[in-house]
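Down below is the structure, laid out as structure tokens.
All figures in this text were calculated on a predicted structure; none of them were measured in a lab. Just follow the structure's listing: the first ligand is 1, and inside any ligand the first atom is 1.
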Amino acid sequence: MPDHEPLRVALVGCGSVGASVARLLVESADDLAARAGRPLELAGIAVRRQRPRPEVPVDASLFTTDAVELVSRPEVDLVVEVMGGIEPARSVVLAALKNGASVVTANKALMAEDGSTLHAAAEAAGVDLYYEAAVAGAIPILRPLRESLVGDRVQRVLGIVNGTTNFILSKMSESGAGFAEALDEATELGYAEADPTADVEGFDAAAKAAILASLAFHTRVPLGAVHREGITEVTAADVASARAMGRVVKLLAIAERVDGGVSVRVHPAMIPAAHPLASVHDAFNAVFVQADAAGELMFYGRGAGGDPTASAVLGDLVAAARHRVGGVNGPGESAYADLPVRPMGETTTRYHVSLDVDDRPGVLAAVAQAFAGHGVSIQTVRQEGHADDAVLVLVTHSAPDAALAATVQELRELEIVRDVSSVMRVEGG
Ligand SMILES: NC(=O)c1ccc[n+]([C@@H]2O[C@H](COP(=O)([O-])OP(=O)(O)OC[C@H]3O[C@@H](n4cnc5c(N)ncnc54)[C@H](O)[C@@H]3O)[C@@H](O)[C@H]2O)c1
Ligand SMILES: N[C@@H](CCO)C(=O)O
Ligand code: NA
């Protein structure tokens, strides 16, 4: 085959990311050809419905509504899947791999749900499967974990990997707004989707946490093993209390090594205002990595948007194209470590607990006794308000999640505690 023979790219999905990928493939064709070693030519674009798409500068004859047929064409070398969801995306990706095409996907839900099946199919076909855009959009983080840090031992990954929730928490922090008000603003400005559940309940971040943990620790982390809490219960009072302690509230995806296993979780947490992740505002994403030899690293940028996400897709596409040209493959799945995912109850963190209490003698002693009875050590206590408005704010030393849960249960049963108004983890020093 002569060197100028193009590599044929099938694009599946032409929404916000797909339209950017198609446009940039056309606009940057010469540079991409020079970098890949052969031109990258669009073989077809699978869409759900045929309609005019003036934003995509390609011949209308390239559009088809049959994705499986497109990716199964013998001439297709590379497939970009940006339709999202589990099915039919999984069937399309499997058909592409079976056809011997390398696949680039931005689909975090699919990779977190069934990454091992797809990796096995890629391995069997001797082709590449890349998904840099699936976690933190434009930010190069999967390739650094998979390749740059492969000689090191990663201990911990802390990420702000959902732009919608980071935008909402930033607004709550800036203006003192409650969750509902900040969500309304995020919706008005187009950051939050009409149904924001996947973002605000932490599902999107949990899928990304599973992918990050699998790559960081060379193990398989099933999505179901990721502990997940969203931000819907975060109150203006939590944000104010964090500020009073020199902290900010962030929704974190956390993956860390613990006692021969790993802990992988998504939940809101108070982090020090001086922590590098505290200065990640609005819809930006960032991932903080701690590795034995490298020390601390931080990756920052745009986690969403058509063009930023297309940047990551095209990076993967050129990498896969180069491998085609060279007749080699990139690294496949590395899951040799086979580490158990520890249950959340065993995970130790510090906690911030707010209690509405009666303001009378013996209350502090009774509260302290509840913590002590479950082996949870208190680091600081402060009282805000008095009489009917008394609030006790306690911060604990590190304790297992199960011990803290048992403490909270007991506190709820105490007559002097009117309400356990908030429990939030404290992370990052
Ligand atoms: N938008 C972002 O900022 C962003 C960032 C990172 C990752 N992603 C991921 O990229 C993927 C695409 O996201 P998006 O924002 O472009 O979504 P989108 O909804 O804008 O686009 C998806 C497109 O796929 C089309 N589609 C659905 N079923 C199809 C089918 N059977 N055949 C052909 N086309 C079909 C839809 O009609 C739609 O146009 C998702 O997996 C998403 O999680 C998106
Ligand atoms: N809904 C995601 C988009 C990228 O996955 C976010 O808010 O970050
Ligand atoms: Na990325």
State whether Arg302 and Asp307 are salt-bridged, where the test is any N-O pair (Lys NZ or Arg NE/NH1/NH2 against Asp/Glu carboxylate O) under 4.0 Å. no
Do Arg265 and Glu256 have side-chain heavy atoms sitting under 4.5 Å apart? yes
Side-chain heavy-atom pair Glu333, Leu118 within 4.5 angstrom cut-off: no
Can you list the ligand 1 atoms lying under 4.0 Å from a non-hydrogen atom of Ala46? 33 (C), 34 (N)
Please write down residue, atom name and distance for the protein heavy atom closest to atom 33 (C) of ligand 1. Val47 C, 3.3 Å
Looking at Arg324 and Asp128, does any basic side-chain N land under 4.0 Å from a carboxylate oxygen? no
Would you check whether Ser16 has a nitrogen or oxygen atom less than 3.5 angstrom from a nitrogen or oxygen atom of ligand 1? yes
3.0 Å cut-off met by an N, O or S atom of Ile139 to the Na ion (ligand 3): yes
Top protein contact for atom 21 (O) of ligand 1, by heavy-atom distance: Gly15 CA, 3.2 Å
If you draw the axis of the six-membered ring of Tyr130, does the NZ or CZ of Arg146 fall within 45° of it and under 6.0 Å from the ring centre? no
With a heavy-atom distance limit of 4.0 Å, tell me whether Asp199 approaches ligand 2 through its side chain, its backbone, both, or neither. side chain
What do you reckon, is CD of Glu233 surrounded by more than 12 foreign heavy atoms closer than 6.0 Å? no
Within the 4.0 Å heavy-atom shell around Ala304, which atoms of ligand 1 are there? 3 (O)
Atom 3 (C) of ligand 2 sits nearest the protein heavy atom Ala304 CB, 3.8 Å
Of all the non-hydrogen atoms in the protein, which one sits nearest to atom 28 (N) of ligand 1, and at what distance? Met83 CE, 3.6 Å
Is there side-chain contact between His374 and Gln409, with at least one heavy-atom pair below 4.5 Å? no
Counting only heavy atoms not in Arg243, do more than 12 fall under 6.0 Å of its CZ? no
Please determine whether a side-chain nitrogen of the Lys or Arg among Lys171 and Glu181 lies less than 4.0 Å from a carboxylate oxygen of the Asp or Glu. no
Around Glu193, counting heavy atoms of other residues, nucleotides and ligands shown, do more than 12 lie under 6.0 Å from its CD? no
Within the 4.0 Å heavy-atom shell around Val82, which atoms of ligand 1 are there? 12 (C), 22 (C)
Could you see which bit of Lys108 sits under 4.0 Å from ligand 1, with heavy atoms only: side chain, backbone, both or neither? side chain
Salt bridge check, Arg90 against Asp114: does any charged N sit closer than 4.0 Å to a carboxylate O? yes
Using a 4.0 Å heavy-atom cut-off, which part of Asp204 comes near ligand 2: side chain, backbone, both, or neither? side chain
re atom 10 (O) of ligand 1, the protein heavy-atom contact at minimum distance is Ala106 CB, 3.4 Å
Which of the atoms in ligand 1, numbered in the order shown and given with their element, are less than 4.0 Å from a heavy-atom of Ala133? 6 (C), 7 (C)
Atom 40 (C) of ligand 1 has as its nearest protein heavy atom Gly84 CA, 3.6 Å
CZ/Arg38 to CD/Glu41 distance, rounded to the nearest 0.5 angstrom? 11.0 Å
Quick one: which ligand 2 atoms are inside 4.0 Å of a heavy atom on Lys208? 4 (C), 5 (O), 8 (O)
One finds that the ligand 2 atoms under 4.0 Å from a non-hydrogen atom of Gly303 are 4 (C)
Gly305 neighbourhood, listing ligand 1 atoms whose heavy-atom distance to it stays under 4.0 Å: 2 (C), 3 (O)
Which distance, rounded to the nearest 0.5 Å, do you find between the CG of Leu145 and the CG of Leu297? 9.5 Å
Check whether any side-chain heavy atom of Val239 lies under 4.5 Å from a side-chain heavy atom of Val234, and answer yes or no. yes
Can you tell me if Val135 has an N, O or S atom under 3.0 Å away from the Na ion (ligand 3)? yes
Enumerate the atoms of ligand 2 whose separation from the nearest heavy atom of Lys108 is less than 4.0 angstrom. 4 (C), 5 (O)
Where the Na ion (ligand 3) is the centre, what is the O-to-O angle for Glu132 and Gly137, rounded to 10°? 90°
Please write down residue, atom name and distance for the protein heavy atom closest to atom 5 (C) of ligand 1. Thr309 OG1, 3.2 Å
Lys/Arg N to Asp/Glu carboxylate O, Glu296 vs Arg156, below 4.0 Å: no
List every atom of ligand 2 that sits less than 4.0 Å from any heavy atom of Thr164, numbering the atoms from 1 in the order shown and giving each element. 6 (C), 7 (O)
If we only count N/O pairs under 3.5 Å, is Val17 in contact with ligand 1? yes
Please report whether ligand 1 has a polar contact with Gly306, defined as an N or O pair separated by less than 3.5 Å (distance criterion only). no
Check: Arg35 and Leu314 side chains under 4.5 Å, non-hydrogen atoms: no
Gly163 N/O to ligand 2 N/O under 3.5 Å: yes
Within ligand 1, which atoms have a heavy atom of Pro88 less than 4.0 Å away? 31 (N)
Protein contact of atom 36 (C) of ligand 1 - nearest heavy atom, named by residue and atom, plus distance: Arg48 NH2, 3.9 Å
